[in-house]
Amino acid sequence: MRDALRHLDSYGSERGAVGVAEALARFLVARCDSHHAGWRVVRQVVVDSAADAPWEKCARRAVPLVTEDLLRLSGARGHTQLARVQHIAAQRRAEEIAGHVDPVAVLADLGLEAESVTPERWQAALSSAVRARSREQVARAVYSSLHG
């Protein structure tokens with residue numbers, strides 16, 4: 001994985017970079033379940049809200065977004081950090097699942113005032129919540145995103 005990141009950092013603008021970025025994106029998105037604590041907490045919050053989310057479909061939809069992010073990052077100078085791209089993959093998964101989750105139900109389940117939220121703000125709120133390590137931190141992150 002680190003070799004793929006180094007390859008993209010060095011050769012991200014070359015023809016074969018897209019294939020490397022796609023393969024790495026698929027790996028990073030799948031790895032969220034085992035290697036990103038924030039994603040696991042957000043996922044559990046969604047599950048606890050009784051949402052019937054299409055997890056695998058949303059994961060597949062996150063891959064092209066992560067691929068674009070990887071290619072964009074490869075154009076910047078320096079070395080792309082594994083932790084950074086893993087976090088980006090978790091954010092993209094959260095963004096993709098947001099459209100399948102009732103914000104009112106999740107907010108109520110988190111003990112927050114249930115309110116009407118635009119799809120864009122809800123997507124941003126769930127994306128920001130992947131930095132959390134506990135249910136309480138998810139609630140704070142979502143609240144801050146919606147009211148900040």
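Computed from a predicted structure; not experimentally measured. Any value given below was found using the heavy atoms of this structure, including those in side chains, with hydrogens, waters and symmetry copies removed. Heads up: numbering here begins at 1 and tracks the sequence.
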With no hydrogens and no angle check, just 3.5 Å: does a side-chain donor-acceptor pair link E22 and T67? no
Whether over 12 other heavy atoms sit under 6.0 Å from E113 CD: no
Tell me if the CD atom of Q44 is crowded by more than 12 foreign heavy atoms within 6.0 Å. yes
Between S10 and R6 (side chain of the first, backbone of the second, donor and acceptor by atom type, cut-off under 3.5 Å), is there such a pair? yes
W55 vs V46, side-chain contact (heavy atoms from CB on, under 4.5 Å): CA-CA, chis, key distance, verdict: CA-CA 11 Å; W55 297 103; V46 170; 3.6 Å; yes
Side-chain contact test, heavy atoms from C-beta onward, threshold under 4.5 Å: evaluate it for L82 versus L28 and give yes or no. yes
Are any of the side-chain heavy atoms of V142 and R140 separated by less than 4.5 Å? no
Any side-chain heavy atom of L107 within less than 4.5 Å of one from W122? yes
So does R43 pair up with D48, basic N to acidic O under 4.0 Å? no
To the nearest 0.5 Å, what is the distance between CG on L24 and OG1 on T80? 9.5 Å
To the closest 0.5 Å, what do you measure between CD (E14) and CG (L8)? 11.0 Å
Check the pair V85, D69 against side-chain contact (heavy atoms from CB on, under 4.5 Å), reporting the backbone distance first and the verdict last. CA-CA 8 Å; V85 294; D69 292 330; over 6 Å; no
Show the nearest heavy-atom pair for residues C58 and I97, with the distance to one decimal. SG-CD1, 3.6 Å
More than 12 foreign heavy atoms under 6.0 Å from CZ of R84: is that the case here? no
So which atom in A129 and which in A141 form the shortest heavy-atom distance, rounded to 0.1 Å? CA-CB, 3.8 Å
Closest non-hydrogen contact found for L70 with A21 is CD1-O, 3.5 Å
Let me see the working for R93 and E96 under side-chain contact (heavy atoms from CB on, under 4.5 Å), right down to the final yes or no. CA-CA 5 Å; R93 285 195 74 173; E96 286 301 309; 5.9 Å; no
Any donor-acceptor N/O pair, Q137 side chain to R133 backbone, under 3.5 Å: yes
Hey, mind stepping through R40 and D33 against salt bridge (Lys or Arg N to Asp or Glu O under 4.0 Å) and telling me if it holds? CA-CA 6 Å; R40 289 192 306 267; D33 289 329; over 6 Å; no
Would you say that more than 12 heavy atoms from the other residues, nucleotides or ligands in this model lie under 6.0 Å from the NE2 of H100, or not? yes
Short question: side chain of H147, backbone of Y143 - any donor-acceptor pair under 3.5 Å? yes
Kindly work out whether a path of hydrophobic side-chain contacts (I/L/V/M/F/W/Y, heavy atoms less than 4.5 Å apart) joins L65 to L5. no
Using a 4.5 Å cut-off on heavy atoms from C-beta on, say whether the side chain of Q91 contacts that of I88. yes
Does the side chain of V130 reach to within under 4.5 Å of the side chain of H36, using non-hydrogen atoms? yes
State which residues pass ring-ring contact (aromatic ring centres under 6.0 Å, His included) with Y11; sequence neighbours excluded, sorted by chain then number. H7
Does a side chain donor of either S74 or D9 reach within less than 3.5 Å of an acceptor in the other side chain? no
Yes or no on side-chain contact (heavy atoms from CB on, under 4.5 Å) for E68 and R72, after CA distance, side-chain angles and deciding distance? CA-CA 6 Å; E68 289 175 18; R72 182 182 41 75; over 6 Å; no
If you look at every heavy atom in S128 and S145, which pair is closest and at what distance? OG-CB, 3.5 Å
Any donor-acceptor pair under 3.5 Å linking the side chain of Q123 with the backbone of A98? no
So, for V104 and A114, which heavy atoms are closest and what is the spacing to 0.1 Å? CG1-CB, 3.5 Å
Write down the atom of A25, the atom of V66, and the distance for their closest heavy-atom approach. CB-CG1, 3.7 Å
